Amino acid sequence: MGNSNGCTVDDLQAVEMHLWYKKFMTECPSGQLTLHEFKQFFGLKGLDPEANAYIEQMFRTFDMNKDGYIDFMEYVAALSLVMRGKMEHKLRWYFKLYDVDGNGCIDRHELLNIIKAIRAINGNDNQDQSAEEFTNRVFDRIDINGDGELSLEEFVEGARSDDDFMEVMMKSLDLRHIVAMIHNRRHSV
């Protein structure tokens, strides 16, 4: 089943995978991306403590085998999830990212720190609501049982029903600039 150029979907995916590999190996010749390289890769320098903690948590979430590095397969899995994953999978991944202490719930403090970090990274400090007000509003809307923590189920259902919260999550891992870099390097490599 090819298209008019004789290329199959598998051929196109192989070409894209090859471009991702070239990009990864250009940026990380050792084949293992460290936290420092990860920050450079995404152009994240001079972050405030909340934003830095968020980026470190993101790195740990991408480092699936917990060896302190992101290898090419982890890189591809992360990019694939972020760019093409189903919403259910993305929401589960966001939950894991936001559950900083790994206890299976997101408390107000964890969510507040994430919101502050996202705003610091994206430069969106000029919001109608403070990070605290936004966090409180999210909890008021989606903490169904009122225990002060968001379970995975509350988080997923709440994100689906609260457009503002969903928008914040989508902005928290906006990789369009990385995709643009990969595309631009395609022509220069």
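What you see is a predicted model; the values in this text were computed from it and never measured.
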Is a side-chain donor or acceptor of [X] paired with a backbone partner of [Y] at a separation under 3.5 angstrom?
{"X": "Asp63", "Y": "Gly68", "value": "yes"}
{"X": "Gln57", "Y": "Ile114", "value": "no"}
{"X": "Asp99", "Y": "Ile106", "value": "no"}
{"X": "Glu157", "Y": "Glu154", "value": "no"}
{"X": "Lys116", "Y": "Ala131", "value": "no"}

Residues two or more places apart in sequence or in another chain: which of them pass salt bridge (Lys or Arg N to Asp or Glu O under 4.0 Å) with Arg92?
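Residues passing salt bridge (Lys or Arg N to Asp or Glu O under 4.0 Å) with Arg92: Glu88.
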By salt bridge (Lys or Arg N to Asp or Glu O under 4.0 Å), which residues pair with Glu133, not counting sequence neighbours?
none
How about Phe155 and Tyr94: are their ring centres within less than 6.0 Å of each other?
no
Where is the tightest heavy-atom contact between [X] and [Y], given as atom of each residue plus distance?
{"X": "Asn65", "Y": "Glu74", "result": "OD1-OE2, 2.9 Å"}
{"X": "Pro29", "Y": "Thr26", "result": "CD-O, 4.1 Å"}
{"X": "Phe95", "Y": "Leu150", "result": "CE1-O, 3.4 Å"}
{"X": "Phe165", "Y": "Leu111", "result": "CE1-CD1, 3.9 Å"}
{"X": "Thr61", "Y": "Trp93", "result": "CG2-NE1, 2.9 Å"}

Contacts of type side-chain hydrogen bond (donor to acceptor under 3.5 Å, both in side chains), residue Gln32, not counting sequence neighbours:
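Scan of Gln32 (side-chain hydrogen bond (donor to acceptor under 3.5 Å, both in side chains), adjacent residues dropped) gives none.
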ILVMFWY cluster, Phe72 and Met64 together (side-chain gap under 4.5 Å):
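No: no chain of side-chain contacts under 4.5 Å links Phe72 to Met64.
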Side-chain heavy atoms under 4.5 angstrom apart, residues restricted to Ile, Leu, Val, Met, Phe, Trp, Tyr: same cluster for Met25 and Phe62?
yes
For the residue pair Glu132 / Thr135, report whether a side-chain donor-acceptor contact shorter than 3.5 Å exists.
no
No-hydrogen, no-angle side-chain donor-acceptor test under 3.5 Å, Glu56 and Asn52:
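Present: a donor and an acceptor within the cut-off.
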Contacts satisfying salt bridge (Lys or Arg N to Asp or Glu O under 4.0 Å) that involve residues 103-112 (not counting sequence neighbours) are none
May I ask you to decide if the ring planes of Tyr75 and Phe24 are parallel, tilted or perpendicular, using 30° and 60° as cut-offs?
tilted
Is the number of heavy atoms from other residues, nucleotides or ligands within 6.0 Å of NZ (Lys86) greater than 12?
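Not buried by this count: 12 neighbours or fewer within 6.0 Å.
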With Phe139 via ring-ring contact (aromatic ring centres under 6.0 Å, His included) - residues at least two apart:
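If we apply the ring-ring contact (aromatic ring centres under 6.0 Å, His included) test to Phe139, skipping adjacent residues, there are no hits.
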Just to verify, what does Tyr69 make a ring-ring contact (aromatic ring centres under 6.0 Å, His included) with, not counting sequence neighbours?
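For Tyr69, no residue satisfies ring-ring contact (aromatic ring centres under 6.0 Å, His included) once neighbours in sequence are set aside.
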Could you tell me if the side chain of Met166 sits less than 4.5 Å from the side chain of Leu91, heavy atoms only?
yes
